[in-house]
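A short worksheet on the structure shown next.
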Amino acid sequence: MPVVKSSLSEQDRKTVGDALQGALVDLVDLSLVAKQVHWTVVGPRFRSVHLQLDEVVASARVHADAVAERASALGVAPDGRAETVAKTSGIDPVGGGWSKDTEAVQTLVSALGAVITRMRERIRATEEPDPVTQDLLIGLTGDLEKHHWMFQAENA
């Protein structure tokens with residue numbers, strides 16, 4: 001039973017809650033993947049890629065907080081625990097060791113692409129039941145697409 005009451009119907013709250021939970025998990029994992037690559041990147045473009053990775057981490061963390069708070073406002077308890085993220089993220093795991101700058105960039109292109117694809121599905125799913133959540137997802141997806149473009153340009 002939710003502690004916070006929502007104006008959404010139970011079915012709409014479930015649909016929107018699932019979308020927000022999935023978004024939260026992907027954003028938390030994206031921040032972790034980007035930080036791991038940030039710590040291990042090497043190569044001639046080390047500094048620029050290193051700094052660009054921190055921009056993704058910061059963006060993912062800000063958006064994760066907004067998504068979690070939106071879920072809470074709708075009476076859905078957000079779950080960003082490590083176990084939940086590991087089980088339900090749509091991002092491929094990152095290997096250990098050092099990452100050549102070109103490989104680091106490709107890792108982020110893939111991770112961002114996976115998250116963006118899932119976010120677009122959530123945008124469609126929330127259109128009817130909750131345009132407010134849809135708007136939140138549209139905004140953060142636009143930001144992720146900007147990062148995706150910039151990382152793609154790194155290896156062009």
Side-chain angles (χ1 to χ4, degrees), residues 1-41 49-50 52-97 99 103-152:
M1 167 166 37
V3 174
V4 177
K5 302 296 182 207
S6 170
S7 60
L8 298 178
S9 71
E10 193 58 35
Q11 179 57 44
D12 286 351
R13 195 173 69 81
K14 170 142 181 35
T15 299
V16 174
D18 289 349
L20 288 167
Q21 178 58 39
L24 176 61
V25 163
D26 283 349
L27 289 165
V28 169
D29 200 21
L30 178 62
S31 73
L32 295 171
V33 165
K35 199 51 138 169
Q36 179 63 35
V37 175
H38 165 89
W39 292 325
T40 61
V41 65
V49 173
H50 182 79
Q52 193 175 358
L53 288 161
D54 260 347
E55 292 173 7
V56 173
V57 171
S59 180
R61 287 178 178 169
V62 165
H63 291 309
D65 191 52
V67 163
E69 288 178 356
R70 178 68 186 154
S72 293
L74 295 175
V76 176
D79 186 355
R81 297 173 299 157
E83 177 183 2
T84 302
V85 172
K87 285 181 181 176
T88 60
S89 174
I91 302 174
D92 290 334
V94 176
S99 299
E103 295 164 359
V105 167
Q106 188 52 49
T107 296
L108 261 290
V109 168
S110 295
L112 285 161
V115 172
I116 290 164
T117 297
R118 288 167 53 114
M119 289 299 179
R120 287 190 163 275
E121 292 167 5
R122 294 174 185 122
I123 289 168
R124 283 188 288 280
T126 56
E127 178 180 12
E128 186 63 34
D130 187 23
V132 176
T133 295
Q134 183 193 41
D135 185 57
L136 175 69
L137 296 175
I138 288 169
L140 74 87
T141 301
D143 194 36
L144 295 176
E145 287 176 340
K146 181 179 176 185
H147 290 299
H148 191 235
W149 154 57
M150 291 183 170
F151 273 102
Q152 289 180 79

Give the minimum heavy-atom separation between [X] and [Y], together with the two atoms involved.
{"X": "Pro131", "Y": "Glu128", "result": "CD-O, 4.2 Å"}
{"X": "Gly90", "Y": "Ala114", "result": "O-CB, 3.6 Å"}
{"X": "Val67", "Y": "Ala23", "result": "CG1-CB, 4.1 Å"}
{"X": "Gly97", "Y": "Thr40", "result": "O-CB, 3.4 Å"}
{"X": "Ala34", "Y": "Val57", "result": "CB-CG2, 3.5 Å"}

Check the pair Gln152, Val105 against side-chain contact (heavy atoms from CB on, under 4.5 Å), reporting the backbone distance first and the verdict last.
-> CA-CA 8 Å; Gln152 289 180 79; Val105 167; over 6 Å; no

For the [atom1] atom of [X] and the [atom2] atom of [Y], what is their distance to the nearest 0.5 Å?
{"X": "His63", "Y": "Asp26", "atom1": "NE2", "atom2": "CG", "value": "13.5 Å"}
{"X": "Glu10", "Y": "Thr15", "atom1": "CD", "atom2": "OG1", "value": "10.0 Å"}
{"X": "Thr107", "Y": "Phe151", "atom1": "OG1", "atom2": "CZ", "value": "10.0 Å"}
{"X": "His38", "Y": "Leu32", "atom1": "NE2", "atom2": "CG", "value": "13.0 Å"}
{"X": "Arg122", "Y": "Gln134", "atom1": "CZ", "atom2": "CD", "value": "14.0 Å"}
{"X": "Gln11", "Y": "Arg13", "atom1": "CD", "atom2": "CZ", "value": "10.5 Å"}

Report the residue from Val76, Asp130, Thr133 that forms a side-chain contact (heavy atoms from CB on, under 4.5 Å) with Leu8.
-> Asp130

side-chain contact (heavy atoms from CB on, under 4.5 Å) partner of Leu137, the single match among Arg70, Met119, Arg120 =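 The single option meeting the side-chain contact (heavy atoms from CB on, under 4.5 Å) with Leu137 is Met119.
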
Do the side chains of [Y] and [X] get nearer than 4.5 Å, heavy atoms only?
{"X": "Leu24", "Y": "Gln21", "result": "yes"}
{"X": "Thr141", "Y": "Ile116", "result": "yes"}
{"X": "Leu144", "Y": "Leu140", "result": "yes"}
{"X": "Leu74", "Y": "Leu20", "result": "yes"}
{"X": "Gln36", "Y": "Val33", "result": "no"}

For His50 and Trp39, indicate whether the former's side chain and the latter's backbone hold a donor-acceptor pair under 3.5 Å.
->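 No, His50 side chain to Trp39 backbone: no donor-acceptor pair under 3.5 Å.
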
Under 3.5 Å, is there a donor-acceptor pair between the side chain of Thr84 and the main chain of Gly80?
-> no

Presence of salt bridge, [Y] and [X], under 4.0 angstrom:
{"X": "Lys146", "Y": "Glu55", "value": "no"}
{"X": "Arg61", "Y": "Asp65", "value": "no"}
{"X": "Glu121", "Y": "Arg118", "value": "no"}

Trace of the side-chain contact (heavy atoms from CB on, under 4.5 Å) decision for Leu30 with Leu108 | CA-CA 9 Å; Leu30 178 62; Leu108 261 290; 4.3 Å; yes

